[in-house]
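Here is the structure we will look at.
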Amino acid sequence: MIDPFGRTINYLRVSVTDRCDFRCTYCMSEHMTFLPKKELLTLEELDRLCTAFIEKGVKRLRLTGGEPLVRKNIMHLISEISRHLRSGALDELTLTTNGSQLARFAHELADLGVKRINVSLDTLDAAKFKAITRWGDLGRVMEGIDAAQDAGIKVKLNAVALKDFNDLEIPHMIRWAHGRGMDLTLIETMPMGEIDLDRTDQYLPLSLLRTRLREEFTLNDIPYKTGGPARYVEIPETGGRVGFITPMTHNFCESCNRVRLTCTGTLYMCLGQEDAADLRAPLRASEGNELLSNAIDEAIGRKPKGHDFIIDRRHNRPAVSRHMSVTGG
Ligand code: SAM
């Protein structure tokens with residue numbers, strides 16, 4: 001699949017549920033209204049959609065959410081999709097998780113061929129963790145990380161950089177993550193969906209954080225890539241890598257290789273734009289995949305050049321109305 005700007009689309013992110021067992025303050029409001037369960041695609045439909053994308057050239061697939069591991073019978077879907085790993089059609093199946101359910105699932109995930117996962121973790125302080133996630137328990141996430149590493153899964157941590165929340169703690173998080181053989185990626189907060197707080201109070205440009213990190217560490221730019229938008233540095237003092245995802249201060253849309261599918265079968269061609277294509281209707285309209293395949297082609301043909309997020313006092317409205325939990329991180 002090649003979009004109008006010549007970019008090859010070979011990476012699909014699938015939000016398997018909009019529900020989550022956390023309520024991170026920058027992601028959701030505390031009282032979120034979720035989709036009625038009957039709106040969701042069945043696991044069989046999700047598998048059919050994923051398979052159609054793989055047949056059209058998707059080589060990497062990431063399950064996300066909401067929290068992917070709270071979707072009922074999610075391991076059944078992962079087990080079905082894993083056949084494409086075994087056949088060689090898919091290069092990588094991975095997921096982004098808050099880690100709360102990992103202790104239960106890590107070994108099964110490893111057995112099904114999941115080699116890498118991203119765990120979202122914004123602080124190592126239990127009280128702060130509770131405050132930012134509203135409902136989370138740091139101890140359970142730590143058990144999840146232990147279980148994943150024990151199962152041989154490579155864990156990467158993702159932390160959203162938040163002003164006056166974790167900015168001073170990030171050097172400690174880097175040392176801790178690298179000490180355990182994990183890379184850490186820092187993410188700028190994006191204006192997606194209404195939350196209960198003012199995003200200008202949370203937004204921390206990574207350019208600023210990078211300057212501060214330079215006072216403590218040597219940051220050597222490296223060409224390392226994992227298929228996502230992060231740009232990496234290596235830190236000789238710790239021997240590990242730090243990634244920077246900077247949708248606000250510097251977007252990398254020119255190298256965007258991905259599209260995002262929601263749990264209702266809506267395809268978003270860009271995280272930061274409203275335009276979307278409904279794939280549920282063509283999926284359900286016939287048992288064959290011709291209509292679906294045409295709808296996917298038509299959608300890829302509309303993939304926009306990029307997004308343009310702004311957070312400041314004048315632009316203090318979400319750039320897109322949907323929350324990150326709809327399209328997944
Ligand atoms: N529940 C899973 C998790 O916690 O990783 C997957 C979904 S979550 C929406 C994916 C990632 O998006 C998390 O790392 C989360 O911190 C991040 N995220 C959520 N809202 C965000 C926002 N407004 N700006 C930047 N990152 C955000």
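By convention here, the first residue in the shown sequence is residue 1. Being a predicted model, the structure only gives us computed values, none of them experimental. One-based numbering, in listed order, for ligands and for the atoms of each.
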Next on the checklist: Only heavy atoms of Thr96, strictly under 4.0 Å: list the atoms of ligand 1 that pass.
Outcome noted: 2 (C), 5 (O), 6 (C)
Next on the checklist: Does this structure show an ion pair linking Asp275 with Arg302, if we count only N-O contacts that are shorter than 4.0 Å?
Outcome noted: yes
Checklist entry - Which atoms of ligand 1 have any heavy atom of Val160 under 4.0 Å away? => result 16 (O), 26 (N)
Item to check | Nearest-contact summary for atom 14 (O) of ligand 1 - protein heavy atom, Å | outcome: Ser120 OG, 2.7 Å
Item to check | Glu45/Arg280 salt bridge by N-O under 4.0 Å criterion | outcome: no
Checklist entry - Among protein heavy atoms, which lies nearest atom 11 (C) of ligand 1, and at what distance? => result Gly329 CA, 3.9 Å
Checklist entry - Touching ligand 1 at all, Gly66? Heavy atoms, strictly under 4.0 Å? => result yes
Checklist entry - Does any donor atom in the side chain of Ser29 or Glu194 lie under 3.5 Å from an acceptor atom in the other side chain? => result no
Item to check | Polar atom proximity, Thr64 to ligand 1 (N or O, under 3.5 Å) | outcome: no
Item to check | Ring-face cation contact, Tyr232 with Lys225, 6.0 Å cut, 45° max | outcome: no
Checklist outcome for this item: Looking only at non-hydrogen atoms, the one of Glu188, Glu67, His323 nearest atom 25 (C) of ligand 1 is Glu188
Item to check | Geometric cation-pi criterion Arg212 and Phe217, 6.0 Å radius, 45° cone | outcome: no
Item to check | Val119, portion touching ligand 1 at heavy-atom distance under 4.0 Å | outcome: neither
Checklist entry - Quick one: nearest non-hydrogen protein atom to atom 16 (O) of ligand 1, plus distance? => result Tyr26 OH, 2.8 Å
Checklist entry - Mind checking whether Ser325 has an N or O less than 3.5 Å away from an N or O of ligand 1? => result no
Checklist entry - Is there a heavy atom of Cys24 sitting under 4.0 angstrom from any atom of ligand 1? => result no
Next on the checklist: Quick test of your reading of the model: are Asp297 and Lys56 salt-bridged, counting only N-O distances below 4.0 Å?
Outcome noted: yes
Next on the checklist: Distance to the ring centre below 6.0 angstrom and angle to the axis at most 45 degrees; does that hold for Arg241 and Tyr224?
Outcome noted: yes
Checklist entry - Any cation-pi pair here, Arg134 with Phe22, using under 6.0 Å and within 45°? => result no
Checklist entry - What protein heavy atom is closest to atom 9 (C) of ligand 1, reported as residue, atom name and distance in Å? => result Met324 CG, 3.5 Å
Next on the checklist: Taking the cut-offs as 6.0 angstrom to the six-membered ring centre and 45 degrees off its axis, would you call Arg199 and Tyr26 a cation-pi pair?
Outcome noted: no
Checklist entry - Charged N to carboxylate O below 4.0 Å: is that the case for Lys130 and Asp125? => result no
Item to check | Subset of ligand 1 atoms that lie under 4.0 Å from at least one heavy atom of Cys27 | outcome: 19 (C), 20 (N)
Checklist entry - For ligand 1, is Arg199 a contact, meaning one of its heavy atoms is under 4.0 Å away? => result yes
Checklist entry - Any Lys/Arg nitrogen of Arg180 or Asp150 sitting under 4.0 Å from an Asp/Glu carboxylate oxygen of the other? => result no
Checklist entry - By number and element, which atoms of ligand 1 are closer than 4.0 Å to a non-hydrogen atom of Thr189? => result 23 (N), 24 (N), 25 (C)
Checklist entry - At a 4.0 Å threshold, what atoms of ligand 1 neighbour a non-hydrogen atom of Met190? => result 22 (C), 23 (N), 24 (N), 25 (C)
Checklist entry - Between Asn158 and ligand 1, is there a nitrogen or oxygen pair with a distance under 3.5 Å? => result no
